[in-house]
Amino acid sequence: MALEGPAERRDEGQQGGMANGNGVAPPPSRMAGRPLGAAAYSDRRLRLNPNTEHKPQDYTDVRGEYAPAVYSALERHLPPSLLEADRDVKLHFMRDILARYWPHGERNKVHRHKEYRQKIVHLYKPLHQELYSMHPSAFFLPTFLEAVRTNTEESIASIMTEPIPGVFSFAMLQPNFCDMLLEEVENFEKWVHAMKFKIMRPNTMNKYGAVLDDFGLEAMLNQFMEEFIAPISKVFYPEVGGGTLDSHHAFVVEYGKDRDVELGFHVDDSEVTLNVCLGKQFSGGELYFRGIRCENHVNSETQHEEMYDYSHVPGRAVLHRGRHRHGARPTSSGLRMNLLLWCRSSVFREMKKYQMDFSSWCGECQREKRERQIQCVKATKHFLGVLEGQ
């Protein structure tokens, strides 16, 4: 079956991340301010699989463009000969790699956005201060909280349904948390309008909604990802970096009259996407899924078994790979607001450059691999038949 429209990769723009974050280690030229010894490792590639026994050093005191968690995750992938080097040597090596895929223009854009955020956080007075730090029992339903705290594949699977491979649905958020978050977003939007600030929209496809990190919720949502989404992703999405999530882009989108009505067919700029309906009263707005694809097959045909429509329920979450093609049908009445958390792995984006085979998760790659195997078996049988006939 043909696609309903071109699947275009989202580029949320304001985050200024590493794009695909792929590549090899930088060339061995010595850079100004670089510690002696770093050049000796500059032509080494990162390990494809992390050294799980290695304990990364503490980077919480490091300030700059990347969160400390990025360096901690990336350190496990360093060349073996570099693991016991001084922290400064490792830090410069990792910064060289990361900087290679973040152009100067993008850094300037991110710097301006950082200043924009700082100004808002300094001036904006939260409506619900309790949202800005993590309170698990107040935010999450007891069933979800117990499953994640038990942290076994069995406990997590027990609260989920998987209507189609790779898409998981589960009850997650307390109604009071949903209400407070909606009120906070509405309060922020009114404040921005009154202050005549320019509001940064979530991405290039949504004209309404707000980026939650912009008005102070970044730290809470980072904990949200690390403690409650990463354990699930590690179990269900290890092949796309589910075990190494280290950054996020969080936002609320709005659909309905005088808002966005629908969302075109696309893939997300994430490894794993969490989508939770916050409310309010609405009809329509179903998500439709059309198969998981790598970049080479993003516009390939949809197979019948890959089609699935998901109906939103307030407080209930849907979790899927960012490369799972999807869209949203028109919201026919009322107002629908959803929390989106795009979870990313800098390690996966760096290592993807070395991968040639994506059949572990791309549906079209899997089909091509099966077809090659079938043709190989047929060719072998034919060859054996020829030999027997001689």
Colleague: First locate atom CD of Glu286, then atom CD of Glu262, and finally report the distance between them rounded to the nearest 0.5 Å.
Modeller: 11.5 Å

Colleague: Within a radius of less than 6.0 Å around CD of Gln375, do more than 12 heavy atoms belonging to other residues, nucleotides or ligands occur?
Modeller: yes

Colleague: Between Tyr310 and Phe289, does the ring centroid distance fall short of 6.0 Å?
Modeller: no

Colleague: Counting N and O atoms only, with roles assigned by atom type, does the side chain of Asn338 sit under 3.5 Å from a partner on the main chain of Val253, one being a donor and the other an acceptor?
Modeller: no

Colleague: Could you tell me how the ring of His249 sits relative to the ring of Phe251: parallel (under 30°), tilted (30 to 60°) or perpendicular (over 60°)?
Modeller: tilted

Colleague: Is a donor on one side and an acceptor on the other found under 3.5 Å between the side chain of Arg76 and the backbone of His54?
Modeller: yes

Colleague: Heavy atoms, side chains only, cut-off 4.5 Å: are Asn275 and Leu339 in contact?
Modeller: no

Colleague: Where do Phe265 and Arg325 come nearest, in terms of heavy atoms and distance?
Modeller: CZ-CB, 3.6 Å

Colleague: With a 3.5 Å cut-off and no angle check, do the side chains of Glu146 and Thr150 form a donor-acceptor pair?
Modeller: yes

Colleague: Salt bridge between Glu306 and Arg293, side-chain N to carboxylate O under 4.0 Å?
Modeller: yes

Colleague: When you check the gap from the basic side-chain N to the acidic O, do Glu254 and Lys207 get nearer than 4.0 Å?
Modeller: no

Colleague: Is there a side-chain contact between Arg367 and Gln303, using heavy atoms and a 4.5 Å cut-off?
Modeller: yes

Colleague: Distance from Lys369 atom NZ to Arg372 atom CZ, nearest 0.5 Å?
Modeller: 7.5 Å

Colleague: Give a yes or no on whether the ring-centroid distance for Phe170 and Phe144 is below 6.0 angstrom.
Modeller: yes

Colleague: In terms of the angle between their ring planes, are His320 and His324 parallel, tilted or perpendicular, with boundaries placed at 30° and 60°?
Modeller: perpendicular

Colleague: Using the rule that Ile, Leu, Val, Met, Phe, Trp and Tyr join whenever any side-chain heavy atoms are under 4.5 Å apart, tell me whether Tyr308 and Ile292 fall into a single cluster.
Modeller: no

Colleague: With rounding to the nearest 0.5 Å, note down the distance linking CG in Leu74 to CE in Met94.
Modeller: 6.0 Å

Colleague: Do side-chain atoms of Glu271 reach the backbone of Phe348 as a donor and acceptor pair under 3.5 angstrom?
Modeller: no

Colleague: I'd like to know if the side chain of Tyr255 pairs up with that of Asn206 as donor and acceptor (distance under 3.5 Å, no hydrogens or angles considered).
Modeller: yes

Colleague: Among side-chain atoms of His297 and Asn299, is any donor-acceptor pair under 3.5 angstrom?
Modeller: no

Colleague: Might you point out which heavy atoms bring Pro126 and Gln129 nearest each other, and give the distance in Å?
Modeller: CG-OE1, 3.5 Å

Colleague: Would you kindly say whether Glu350 and His77 are connected by a side-chain donor-acceptor distance under 3.5 Å?
Modeller: no

Colleague: Give me the atom names and distance for the closest heavy-atom approach of Glu75 to Gln57.
Modeller: OE1-N, 3.2 Å

Colleague: Please evaluate residues Asp214 and Lys114 with respect to the criterion salt bridge (charged side-chain N to carboxylate O under 4.0 Å, His left out), reporting the C-alpha separation (whole Å), side-chain torsions for both, the decisive distance (0.1 Å), and the verdict.
Modeller: CA-CA 9 Å; Asp214 282 351; Lys114 187 176 181 180; over 6 Å; no

Colleague: Work out which heavy atom in Val185 is nearest to a heavy atom in Ala210; give both atom names and the distance.
Modeller: CG1-CB, 4.4 Å

Colleague: Relative to the ring of Phe215, is the ring of Tyr124 parallel (under 30°), tilted (30 to 60°) or perpendicular (over 60°)?
Modeller: perpendicular

Colleague: Please report the closest heavy-atom contact between Met172 and Ala317, naming both atoms and the distance.
Modeller: SD-CB, 3.9 Å

Colleague: Where does the angle between the aromatic ring planes of Trp191 and Phe188 fall among parallel (under 30°), tilted (30 to 60°) and perpendicular (over 60°)?
Modeller: parallel

Colleague: Taking atom types as modelled, find out whether Asn222 and Glu218 have a side-chain donor-acceptor pair closer than 3.5 angstrom.
Modeller: no

Colleague: Give the minimum heavy-atom separation between Ser133 and Phe139, together with the two atoms involved.
Modeller: O-CZ, 3.4 Å

Colleague: Could you tell me whether the side chain of Thr244 reaches within less than 4.5 Å of the side chain of Lys234, counting heavy atoms only?
Modeller: no

Colleague: Does the side chain of Arg321 pick up a donor-acceptor pair with the side chain of Thr273 at under 3.5 Å?
Modeller: no

